[in-house]
Structure formats: C-alpha cells, structure tokens
Amino acid sequence: MGKIKLAVVCSFGLEAVVKRELIKMGYENLFVDNGWIYFEADVADIAKTNINLRSAERVLLVMGSFQSETFEELYDQTYSLPWEDWIEKDGRFTVNGKSYKSKLFSVPDCQSIVKKAIVDKLKQKYQQEWFNEKGAEFTVQVSIHKDRAVLTLDTTGAREGLFKRGYRKDSVLAPIKETMAAALVELSFWNKDRVLVDPMCGSGTIPIEAAMIGTCTAPGLYRHFASEDWQIISESVWQDTRDYYESLVDEEVNLQIYASDISEQAIKAARSNAKRAGMDKYITFKVLDVKDYVLPEKHGVMITNPPYGDRLGDQDIVIELAKTIGNTFGSDPTWSNYVITSYEAFEKAYGQKASKKRKLFNGDVKVNYYQFFGEKK
Ligand SMILES: C[S@@+](CC[C@H](N)C(=O)[O-])C[C@H]1O[C@@H](n2cnc3c(N)ncnc32)[C@H](O)[C@@H]1O
C-alpha cells in the first residue's frame with residue numbers, strides 16, 4: 001500500500017499542542033483545520049500515532065473528501081472510494097455522521113446513503129450478497145461542512161478515544177480527560193527537573209500524565225485500538241512500534257511530583273490509578289487541604305483543576321479556593337502556576353491578572369486555562 005492520509009482530531013484550542021507532538025514525531029506538511037490535523041503517512045503510522053499521541057482524541061484514516069450537494073453525488077463519490085482495501089468481508093461496520101452549514105443537512109439520510117454505497121461496493125468486490133459483520137470494527141464517519149464531505153475510518157475505536165489510557169478505573173466527581181491533562185502539562189513550563197504540584201488532584205490525572213511525560217512513557221503502550229484487529233496492518237507493525245516506544249521509557253528518571261487533595265477517597269483513587277499506570281513511584285500522594293499547603297521549594301510548577309462550582313460545591317467555595325491558591329502559590333514569583341476552570345472571575349479571586357489565558361473545552365464545558373508567572377501585584 002502507498003501513502004495514506006491521516007487526520008488527527010483534537011479538542012478545540014489544542015491544535016497547536018497536538019501539532020507540536022506530531023512535528024516532534026517527525027511528521028511534516030501538517031494542515032490544521034478546526035480541531036483536525038491532516039497529513040500524509042504510511043500504514044505503520046496508524047500504530048505510531050495511536051500509541052504515542054498524548055493530547056489528541058483520535059486518529060482517523062481519510063478515505064476521501066469531495067464536494068457533495070445531492071444524495072446522488074454523495075452515493076457515487078462514496079462508492080468510488082477503495083473501501084475493500086480496508087473493510088474485510090466479515091467487517092462490522094457502522095456509519096456515524098455530522099453535517100454543518102450544508103445542503104445535505106439530514107444526518108440520518110447521509111448515514112444511510114453512505115452505508116448503502118459502501119455495502120454495494122463490498123458486494124461487488126467480494127461477489128457476496130450478505131455479510132455476517134462479526135469481524136473487526138470499522139467505524140465510518142461522514143462529516144459534511146459547507147457542502148464538502150470528508151469520509152473517514154476510525155483507527156482508534158469509536159467508543160474508546162485516545163483519552164482512554166486504561167489506568168483510570170477509580171474516579172472522583174468531575175475528572176478531567178487524560179488527553180486534556182496531558183495537554184495542560186505540555187502547555188506549561190514544567191520539565192522533569194522541576195517540582196510539579198497538583199494540590200486538588202482528584203483521581204490524579206494531571207500528576208499521572210506528567211509522570212508519563214517525565215518518564216517518556218507513550219500513553220497508548222498498554223491499550224488496544226480498533227485498527228489492531230484490521231488485517232491490513234500486520235501484528236508485527238504493532239509489536240515493533242510498541243517495542244520501540246518501550247525502549248524509550250526512562251524508568252530511572254528522578255521526578256518530583258506531588259499530588260494532594262482534601263478527600264481521602266480521592267487520594268486512594270489517585271494512588272491506585274497511578275499504580276495501574278506504573279507511575280506510582282514517581283508521585284508523592286497526600287491527603288491535604290490546599291489552605292495548609294507549604295511550597296516544597298523554589299521554581300516549582302503548580303497545575304490544578306479546582307472544583308468548577310457548577311458541578312461540585314457552590315460558588316463561595318470556588319472563590320475561597322481561588323484566593324487560597326493565589327495566596328499560597330502566587331506568593332512566590334519563582335513559581336509558574338496554571339489553573340483550568342470554568343469560573344469566569346477566577347483572576348479576580350486569585351488576585352492577579354493571568355500572564356496568559358487560553359480558551360479550551362473540558363468535554364462540553366467551556367473553560368479557561370490561566371497561566372500565572374512572576375510577582376503578584
Ligand atoms: C474537579 S476535581 C479535580 C479532578 C481531577 N483533575 C481529576 O482528574 O480527577 C476538584 C478536586 O478538588 C478537591 N478539593 C476541593 N476542595 C479542596 C481543598 N480545600 N483542598 C484540596 N482539595 C480540594 C476535591 O476533593 C476534588 O477532588
């Protein structure tokens with residue numbers, strides 16, 4: 001098989017972070033479009049990107065893109081694509097869809113047309129009238145935006161996006177997605193030689209992702225991806241890719257990562273999640289109210305995700321916590337402090353205007369990522 005086209009999908013606002021990860025992995029000529037990053041690749045890159053990307057949500061194989069204003073066009077263009085190169089005789093396939101600002105606005109109709117075109121194509125290629133659909137999972141997505149359709153196959157897995165690393169079995173209320181936690185660390189000035197603190201760590205996602213970054217542990221090393229069951233990518237490709245990323249893990253690195261929370265149950269969950277991720281030996285856990293925090297040393301980095309107020313506790317508590325964080329971590333100008341929250345008046349309560357403020361989405365919730373450096377005025 002020759003070159004293929006991949007599209008890595010990420011949460012809005014994280015395109016630059018994911019692009020940086022892809023560049024670091026050696027990809028070039030990346031085209032960014034609204035949460036999608038397109039690039040040319042080889043089949044083996046499906047394994048490489050799924051296993052190693054930290055902040056992206058999923059990796060899609062782009063089957064084709066075309067102008068489509070009528071159902072006939074959608075059917076014909078879909079039929080013309082080489083589905084049989086990928087979808088096996090017994091492939092289990094579903095079609096998802098979305099349409100935005102387009103003449104073909106009925107998503108269920110678009111899904112049925114696409115499904116019919118693919119089934120007709122497979123019938124013709126396999127000379128078979130009926131498919132038992134008991135084999136590997138192939139999730140097709142038809143996305144139509146301003147009359148341009150993009151047809152993709154989900155290489156990651158429809159139900160289990162890249163955020164599902166597999167370690168977070170114990171959770172507290174309102175955990176942050178693993179992919180977002182990794183992005184927060186990547187957007188910070190933290191490196192493995194600096195102290196990292198999350199004083200409201202909940203189930204431990206931010207410290208665990210930081211430890212994985214610090215130890216160079218690829219986040220997808222120990223999980224399964226839908227495309228691992230596809231015959232077109234041989235088992236040895238997956239094995240070689242895993243072997244390669246395993247060889248990069250630095251188990252001897254000395255990390256100073258501190259995770260605390262007022263809730264004993266949260267610390268218990270965080271500890272067992274970290275153990276499952278193989279990261280427990282890099283993180284010091286403690287049950288602690290943030291108001292009792294004493295900074296361990298100079299030049300540390302604090303990254304946290306306090307209660308949002310709309311989901312946990314009330315707004316007075318949110319304001320009080322922001323003040324506490326500001327007074328504790330903002331009091332030392334050598335620290336770099338980062339807070340993700342949906343509370344709009346956070347800077348006022350923290351007591352400092354953020355040096356940088358980035359708009360992100362935590363799931364469907366609009367949030368800001370505040371970055372505070374230097375002296376508090
Ligand atoms: C939104 S959750 C953090 C979720 C976490 N990032 C995760 O991925 O699971 C907020 C956390 O703040 C903790 N918290 C609330 N008040 C606190 C306080 N005064 N001191 C320390 N932790 C506190 C809660 O117990 C909760 O676990």
Side-chain angles (χ1 to χ4, degrees), residues 11 14 54-55 161-188 190 196-213 219 257-277 279-280 283-296 301-330 337-343 346 349-350 360-370:
S11 172
L14 293 185
R54 293 185 194 279
S55 305
L162 292 177
F163 73 94
K164 289 249 182 191
R165 319 285 207 216
Y167 64 75
R168 201 168 67 190
K169 302 261 194 275
D170 296 285
S171 198
V172 294
L173 266 180
I176 197 167
K177 264 187 170 179
E178 293 85 332
T179 41
M180 178 60 77
L184 299 185
V185 177
E186 289 184 313
L187 280 167
S188 79
W190 182 71
L196 179 88
V197 166
D198 180 355
M200 287 180 264
C201 72
S203 50
T205 325
I206 296 170
I208 294 170
E209 290 296 325
M212 285 167 76
I213 292 170
I257 302 178
Y258 298 94
S260 54
D261 197 289
I262 196 169
S263 153
E264 209 168 297
Q265 195 201 341
I267 290 300
K268 208 170 147 206
R271 247 201 205 105
S272 55
N273 289 332
K275 195 165 185 341
R276 224 170 278 118
M279 295 296 129
D280 50 325
I283 307 171
T284 307
F285 293 99
K286 196 171 187 177
V287 178
L288 185 68
D289 188 326
V290 67
K291 76 174 166 38
D292 300 325
Y293 216 96
V294 179
L295 300 190
V301 175
M302 186 273 291
I303 307 178
T304 202
N305 161 218
Y308 282 177
D310 42 346
R311 290 194 284 177
L312 296 169
D314 61 35
Q315 212 166 70
D316 288 349
I317 298 176
V318 173
I319 295 171
E320 210 39 57
L321 282 171
K323 265 191 201 154
T324 307
I325 309 174
N327 289 338
T328 308
F329 296 92
N337 301 318
Y338 302 82
V339 180
I340 185 169
T341 176
S342 62
Y343 179 53
F346 185 82
Y350 180 93
L360 299 174
F361 283 87
N362 185 18
D364 292 337
V365 184
K366 243 191 198 167
V367 292
N368 283 312
Y369 189 40
Y370 296 98

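Both counts, for ligands and for their atoms, begin at 1 and track the order of listing.
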Quiz item: Side chain, backbone, both or neither: which part of Leu321 has a heavy atom under 4.0 Å from ligand 1?
Solution: side chain

Quiz item: What distance do Tyr338 atom OH and Ile325 atom CD1 have between them, rounded to the nearest 0.5 Å?
Solution: 15.0 Å

Self-check item: Which of the ligand 1 atoms, numbered from 1, are nearer than 4.0 Å to a heavy atom of Gly202
Solution: 5 (C), 9 (O), 27 (O)

Quiz item: Is any N or O atom of Ile262, backbone or side chain, closer than 3.5 Å to an N or O atom of ligand 1?
Solution: yes

Practice problem: With heavy atoms of Leu288 as the reference, note each atom of ligand 1 found under 4.0 Å away. | Solution: 20 (N), 21 (C)

Quiz item: So, Tyr370 versus Tyr350, ring centres under 6.0 angstrom or not?
Solution: no

Self-check item: Listed once per pair and sorted, the salt bridge (Lys or Arg N to Asp or Glu O under 4.0 Å) pairs that draw on residues 174-187, sequence neighbours left out
Solution: Glu57-Lys177, Arg168-Glu178

Exercise. Could you tell me whether a side-chain N or O of Ser11 sits under 3.5 Å from a main-chain N or O of Leu14, the two making a donor and an acceptor?
Key: no

Quiz item: With distance as the sole test, does Ser203 use its side chain to make a donor-acceptor pair with the main-chain N or O of Thr205 at under 3.5 Å?
Solution: no

Exercise. Find all atoms of ligand 1 within a distance of less than 4.0 Å from any non-hydrogen atom belonging to Ser203, and give their numbers and elements.
Key: 7 (C), 8 (O), 9 (O)

Quiz item: Mind checking whether Thr304 has a heavy atom under 4.0 Å from ligand 1?
Solution: no

Quiz item: Taking atom CG of Leu360 and atom OG of Ser342, what is their separation to the nearest 0.5 Å?
Solution: 12.5 Å

Exercise. May I ask you to check whether Val290 has an N/O atom sitting below 3.5 Å from an N/O atom of ligand 1?
Key: yes

Quiz prompt | Pairs involving residues 257-274, ordered by first then second residue, that meet salt bridge (Lys or Arg N to Asp or Glu O under 4.0 Å) (sequence neighbours left out) | solution = none

Self-check item: Short N or O distance, Asp289 and ligand 1, threshold 3.5 Å exclusive
Solution: yes

Quiz item: ligand 1 and Thr205, any nitrogen or oxygen pair closer than 3.5 angstrom?
Solution: yes

Quiz item: What are the atoms of ligand 1, with element, lying closer than 4.0 Å to any heavy atom of Pro199?
Solution: 21 (C), 22 (N)

Quiz item: Under 4.0 Å from ligand 1, counting heavy atoms only, is it the side chain of Cys201, its backbone, both or neither?
Solution: backbone

Quiz item: Does Asn273 use its side chain to pair, donor to acceptor, with the backbone of Lys169 at less than 3.5 Å?
Solution: yes

Quiz item: Taking only heavy atoms of Ala174, which atoms of ligand 1 are found under 4.0 Å from at least one of them?
Solution: 1 (C), 4 (C)

Practice problem: Please work out which of Ala266, Pro307, Gly204 has its closest non-hydrogen atom nearest to atom 15 (C) of ligand 1. | Solution: Pro307

Quiz prompt | Heavy-atom check, side chain of Tyr369 versus side chain of Ile303, under 4.5 Å | solution = yes

Quiz item: To the nearest 0.5 Å, what is the distance between CZ (Arg276) and CD1 (Ile208)?
Solution: 9.0 Å

Quiz item: Just going by heavy-atom distances, which of Asn305, Val318, Ile303 is nearest to atom 1 (C) of ligand 1?
Solution: Asn305

Quiz item: Where on Pro306 is there a heavy atom closer than 4.0 Å to ligand 1, on the side chain, on the backbone, on both, or on neither?
Solution: backbone

